[in-house]
Number of protein chains: 2
Amino acid sequence: MPNPEKTEAVQNKCQEARPLDAFDRKILGELAVDAGLSYAELGSRAGLSAPAVHERVKRLRATGRIRGTVAVLDGPTTGKPFLAFVHVDSTGWGKTQELLALSELPEVEEIHSVAGDTCMLLKVRCASSRALEGLLARLYALPSVKATRSYVVLSTFLERTPQAEITEALESTDLSSLASR
Amino acid sequence: MPNPEKTEAVQNKCQEARPLDAFDRKILGELAVDAGLSYAELGSRAGLSAPAVHERVKRLRATGRIRGTVAVLDGPTTGKPFLAFVHVDSTGWGKTQELLALSELPEVEEIHSVAGDTCMLLKVRCASSRALEGLLARLYALPSVKATRSYVVLSTFLERTPQAEITEALESTDLSSLASR
DNA sequence: TTGAAGAAAGGAATGTCATTCGGAGCAATC
DNA sequence: GATTGCTCCGAATGACATTCCTTTCTTCAA
């Protein structure tokens, strides 16, 4: 009979699924806000030395927790003041391949398949309403696209990449207390 | 009578709205994909020297074209496998202030006000469906929130930050050619 | 309990790169 | 035609990333 702990250890090794200790999460949290921090500064905030932080960051990158490091561009001042979310109803499954071709357009920032009364959800940022119109025209040019609903953004109050912190309280919400609503 | 060119020059100076030449856009494009590039590498790709690139990047940061540099975290492997878009119908204008308080939750990544059959649009990434439920509970706890519609993401095919490139063709789409559809 | 092995952290050294400085080319202005 | 301002490049400096090595702690086995 295999030793459960040893088996788990092996799995962790193979899947590289070590469960992120407090140091890791602190580092991730800081880097998700500002990746320009030096390892020394990062270390002093996390309570580690620079080489230790470096080692952890290297591991976080290798295991895919950190996807990459990017400069966040400002839409309006870089020529794309129009932001919209487009819901796409398409006929048939497996037709999503056509939509994925839109990834080539730099205006398309996100493509998700979603559950709900729609099939696909696109996040699109472009130069003008004219360009949005042109993009919708391309959408409707696809045979599988049945209908779209666009939600043009008027104001953006918050926009950021995934954060490291997790709000534990959300999972322990006592919904029964809301039953009286 | 004021000299138009001079006036424009002054405006550019004041608004710091210089129109981004090809070098700037190339640099922005590269940095939006990988901000870890050295200035030397960046320079060789753009056809400039390292100091020249450095100067431009500094200016792009100062003028707000580059909002910041961040590490892109992977949702699933950092403990947040659930992604959803939540449409919020709220009663009355100016009540958005309540919703903005949700910015404090690291699970809330985006908050937009949109035109369409809904008022607010949230992008939410959390640990579990239980957490999503807890977040919706918080939403409904706000007096102004009338209804919500959630679109749970099943698969994400593309997800990136704003890109520098602009597809000119989108703005020159001949919509009259689509009239026959 | 003791010994051995693995993992991880810290200190110091090295190499790379960011950053700065000075000079040159170029355009626009008076 | 001289001047001012801007941007580029090459070289020098300084900071920082990266590596190496030692130490410590934990874990597993005897």
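Throughout, a chain's letter reflects where its sequence line sits, starting with A, and its residues are numbered from 1.
Residue contacts for B:Ser49: at a heavy-atom cut-off of 4.0 Å it reaches a base atom on one of the strands shown.
Summarising the hydrophobic clusters (Ile, Leu, Val, Met, Phe, Trp, Tyr; side-chain heavy atoms under 4.5 Å, direct or chained), the residues clustered with B:Phe82 are none.
When distances are taken from the side chain of A:Ala52 to each of D:dA17, C:dA8, C:dG10, the shortest belongs to C:dG10. Closest to the side chain of B:Arg59, out of C:dT19, D:dA17, D:dT7, is D:dT7. Considering only the side chain of A:Pro51, C:dA12 comes nearest among D:dC9, C:dA12, D:dT7.
One finds a side-chain N or O of A:Tyr39 lying less than 4.0 angstrom from the OP1 or OP2 phosphate oxygen of D:dT18. Side-chain nitrogen and oxygen atoms of A:His54 include at least one within less than 4.0 Å of the OP1 or OP2 phosphate oxygen of D:dT18.
Salt bridge annotation for A:Arg65-A:Asp24: absent, with no cationic side-chain nitrogen under 4.0 angstrom from a carboxylate oxygen. Looking at A:Lys123 and A:Glu107, no side-chain N of the basic residue comes within less than 4.0 Å of a carboxylate O on the acidic one, giving no salt bridge. At a threshold of 4.0 Å, the pair B:Arg160-A:Glu109 does not count as salt-bridged, since none of the basic side-chain nitrogens sits closer than that to a carboxylate oxygen.
The distance between atom CD of A:Glu55 and atom P of D:dA17, rounded to the nearest whole Å, is 15 Å. Atom-to-atom, CG of A:Leu48 to C1' of C:dG11 comes out at 15 Å; the value is rounded to the nearest Å. Protein atom NZ of A:Lys58 is 8 Å distant from nucleotide atom P of D:dT18, rounded to whole Å. Rounded to whole Å, atom P of D:dA15 lies 18 Å from atom CG of A:Leu37. B:Ile27 places its CD1 atom 12 Å from the C1' atom of D:dC8, with the value rounded to the nearest Å. Rounding to whole angstrom units, CZ of residue B:Arg56 and P of C:dA18 are separated by 17 Å. The distance between atom CD of B:Glu41 and atom C1' of C:dA18, rounded to the nearest whole Å, is 15 Å. Rounded to a whole Å, the CG atom of A:Leu20 is 13 Å from the P atom of C:dA8.
Under the side chain to side chain donor-acceptor pair (under 3.5 Å) criterion, B:Ser129 pairs with no residue at all, not counting sequence neighbours.
Listed here is the closest heavy atom pair of A:Ala32 and A:Thr161: O-OG1, 3.9 Å.
With the end axes of the helix from C:dT1-D:dA30 to C:dC30-D:dG1 each set by five pairs, the angle from one to the other reads 30° at 10° resolution.
Taking a 6.0 Å sphere around CD of B:Glu159, one finds it holds more than 12 heavy atoms contributed by other residues, nucleotides or ligands.
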